[in-house]
S.K.: 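One structure, as structure tokens, below. Some questions next.
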Amino acid sequence: MSQTKPPRVRFAPSPTGYLHIGGARTALFNWLYARRTGGSFILRIEDTDQERSSESSYQAILDSMQWLGLTWDEGPAVGGPHGPYRQTERIALYREFAERLIATGKAYRCICTKEQLDVLRKESEARKRPFRYPGTCRNRRDIPADVPHAVRFITPTEGAIGFDDLVKGNISVQATEMQDEILLRSDGMPLYNFGAVVDDVTMGITLVARGDDHVINTPRQVLMYQALGYEVPRFAHLPMILGADKTRLSKRHGAVSVLQYRDEGYLPEALLNYLARLGWSSGDQEVFTIDELIQKFDWVDCGHNAGVFNPEKLRWVNAEHLKKRSPKEMGDLIEPRFRARGFDAGSRERLDSIAVLFRERARTLLELEESAAFLFKMPAYDPAGVAKFITPAIAPAMDELLALLPGVTPFNHDGIKPVFEGLLAKHNLKMVALAQACRVSISGTTVSPPIFEVMEILGKDETLARLKAGRAIIAV
RNA sequence: GUCCCUGUCGUCUAGCCCGGCCUAGGACAUUGCCCUUUCAAGGCAGUAACACGGGUUCAAAUCCCGUCAGGGACGCCA
């Protein structure tokens, strides 16, 4: 019957660092599912680890989500009927739920200190036995509510706890593998498992999708839902994303922050497209628009095994999406980046043209800017290019080109081309010889977009000036 | 160590649930060729995988068992 209500899913990062690739994918899958089903996507900040949480991380996460376009229906900045959406602002709630469990005999107060337990933990480790809380306080009823204490959950000592995972299928864990979990720390902060459960029930979450590093937590949480008397939501656990060395993705593997991909000139839809295909597929399709992703996404099509992050393929996907953007959009994308570099395109129309002309050989906006830089400031000549193409043999043709170009109108591809062709025939030259001599003169290098287009976009005066300077390299 | 999950080209994956259409398909990367004013892009062709061992079956990448390998979890972290 809960199937008839629109789904409510959430993404619940902790602000202990930037939003990384793995988190972004979890957020994406939740978001896609909510958008396809007409459900709600909730953003919740799990900041109960006050040691490691920071305001700047919180901001970075929000910025990342916004840049990716993963809009949330409820959460920080937008509010909603189940707020607040930061766990540190919900402390009273966890206390209330914990007391309720104590009152019904499903949890108890515990005054064992971390230090005492660490000693026991060490011993277990030394004996190569798994550590379990020995239950020291489990049956004590003499611990008053006003001394510092943690609250522990009473975990059954036998039987198996299972759940049906939407991507992994049936998973079941023996009760003997679990222990009396801490619900509330002695400072009143909830632990992950408890905070998540309390929030998920009070926020009406119907499906919990997260990384599969949480699989083992799920049975404990199922127990908590039951103890609290709530319906257990559905679960979907996504496989991890690994680095090239098949270990968990981290800084060692290069860029992992979403914002860094933005800065390096990736398009949000490209990053999302790539992330979606890492761990999910829809037949043989590789390139998707966001709308297609929304339409086609489903948990059953998620893979079961961890995937290696492949930056090369991301670049390819990015190039594909770059080609889909309109000239106007390309201009919008490149405008702030040009400004930051001090590149002045002069007019908006020219800016758009530059973006379109250079994107063909760029996989990221960063590559685009770098390859277009010569338009704004003549770089040093590539010595090898000069040696190979700016030779005495080409001098006569260049001289003549210099004489003819001023009279060319319009100064564009169609106007310039016939001039070159005439010269080629007259001097018995190949196009490559003259074009490369011009290219090196104009861009400093042997690589650029088609040279007539480059001349057009550079303008007649600047083209002539650079050609003259190039011609002057040739002795005589 | 214990428990959980996973194992198809170098990488992401299709196929697996409902064995035969799989001499295992696609994509990135890579190699060669074509196109070409350079470099890209594009086109064409190629190299390249069912972890291993047992079963079940007329038939197994697909079902079962074991081994091995990888990942994850074993916190008053999330």
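Labels below follow one simple rule: chain letters A, B, ... track the order of the sequence lines, proteins then strands, and each chain is numbered from 1. Please read these numbers as outputs of a predicted model, since none were measured by experiment.
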S.K.: Students often get this wrong, so: under 4.0 angstrom with heavy atoms, is A/Lys430 touching a base, only sugar-phosphate, or nothing?
M.R.: nothing
S.K.: My understanding is that a pair needs two contacts under 3.5 Å, Watson-Crick or G-U wobble. By that rule, which nucleotide pairs with B/rC17?
M.R.: none
S.K.: Apply the test salt bridge (charged side-chain N to carboxylate O under 4.0 Å, His left out) to residues A/Lys324 and A/Glu320: give CA-CA distance (whole Å), side-chain angles for both, the deciding distance (0.1 Å), then the verdict.
M.R.: CA-CA 7 Å; A/Lys324 291 183 161 204; A/Glu320 292 297 311; over 6 Å; no
S.K.: Can you measure from CG (A/Leu32) to CD (A/Gln295) and round to the nearest 0.5 angstrom?
M.R.: 11.5 Å
S.K.: Quick one: does A/Ser186 reach the base of B/rC76 with a side-chain donor-acceptor pair under 3.5 Å?
M.R.: yes
S.K.: Using the C1' atom on both, measure B/rU8 against B/rA51 and round to a whole Å.
M.R.: 10 Å
S.K.: When the P atoms of B/rC21 and B/rA60 are compared, how many Å lie between them, rounded to an integer?
M.R.: 11 Å
S.K.: Does B/rU57 have a Watson-Crick or wobble partner in any strand here, with both distances under 3.5 angstrom, and which is it?
M.R.: none
S.K.: What does A/Asn217 touch in the nucleic acid at a heavy-atom separation under 4.0 angstrom: a base, only the sugar-phosphate, or nothing?
M.R.: base
S.K.: Let's test your reading of the model: under 3.5 Å, does the base of B/rU13 pair with the side chain of A/Arg277 as donor and acceptor?
M.R.: no
S.K.: With rounding to the closest Å, how many angstrom separate the C1' atoms on B/rG26 and B/rA48?
M.R.: 14 Å
S.K.: Determine the Euclidean distance between corresponding P atoms of B/rC28 and B/rC44; express it in Å to zero decimal places.
M.R.: 12 Å
S.K.: When rounded to the nearest Å, what value does the distance between P atoms of B/rU67 and B/rA27 take?
M.R.: 39 Å
S.K.: Which nucleotide, in any strand shown, forms a Watson-Crick or G-U wobble pair with B/rA41, with both distances under 3.5 Å?
M.R.: none
S.K.: Side chain of A/Lys114 only, please: which of B/rC76, B/rA29, B/rC39 is the nearest?
M.R.: B/rC76
S.K.: Just call it for A/His214: base, sugar-phosphate, or nothing, with non-hydrogen atoms closer than 4.0 Å on any strand.
M.R.: base
S.K.: For A/Phe131, which contact category applies under a 4.0 Å heavy-atom criterion: base, sugar-phosphate, or nothing?
M.R.: sugar-phosphate
S.K.: Salt bridge between A/Lys122 and A/Asp118, side-chain N to carboxylate O under 4.0 Å?
M.R.: no
S.K.: If you measure from CG on A/Leu368 to CG on A/Leu333, what distance do you get to the nearest 0.5 Å?
M.R.: 9.5 Å
S.K.: May I ask you to decide if A/Gln179's main-chain N or O and A/Thr155's side chain share a donor-acceptor pair within less than 3.5 Å?
M.R.: yes
S.K.: Report the nucleotide, chosen from B/rU11, B/rA78, B/rC76, that has the shortest atom-to-atom distance to any side-chain atom of A/Asp49.
M.R.: B/rA78
S.K.: State which of B/rG25, B/rA40, B/rU37 makes the closest approach to the side chain of A/Glu360.
M.R.: B/rA40
S.K.: Applying a 4.0 Å non-hydrogen cut-off, can you work out what A/Glu286 is touching in the nucleic acid: base, sugar-phosphate, or nothing?
M.R.: base
S.K.: At 4.0 Å (heavy atoms only), tell me whether A/Pro13 reaches a base, stays on the sugar-phosphate, or touches nothing.
M.R.: nothing
S.K.: With a non-hydrogen cut-off below 4.0 angstrom, is A/Gly195 in contact with a base, only sugar-phosphate, or nothing?
M.R.: nothing
S.K.: Using heavy atoms to find the nearest nucleotide of RNA chain B for A/Thr113 and A/Ser172 separately, return the residue whose nucleotide is more 5′.
M.R.: A/Ser172
S.K.: Using both distances under 3.5 Å as the test, list the Watson-Crick or G-U wobble partner of B/rG1, or none.
M.R.: B/rC74
S.K.: What is the base-pairing partner of B/rU11, counting Watson-Crick and G-U wobble geometry with both distances under 3.5 Å?
M.R.: B/rA27
S.K.: Across the strands shown, which category fits A/Asn305 at heavy-atom distances under 4.0 angstrom: base, sugar-phosphate, nothing?
M.R.: sugar-phosphate
S.K.: Quick check: on RNA chain B, is the nucleotide nearest A/Ser282 upstream (toward 5') of the one nearest A/Pro449, or the reverse? Name the residue that is more 5'.
M.R.: A/Ser282
S.K.: Can you tell me the Watson-Crick or wobble partner of B/rU67, both distances under 3.5 angstrom?
M.R.: B/rA51
S.K.: With respect to the side chain of A/Ser281, which nucleotide from B/rA78, B/rG71, B/rU13 is positioned closest?
M.R.: B/rU13
S.K.: Give A/Arg315 one of three labels, base, sugar-phosphate or nothing, depending on what nucleic acid heavy atoms sit under 4.0 Å from its own.
M.R.: nothing
S.K.: Can you confirm if the NZ or CZ of A/Arg210 lies within 45° of the ring axis of A/Phe29 and under 6.0 Å from the centre of its six-membered ring?
M.R.: no
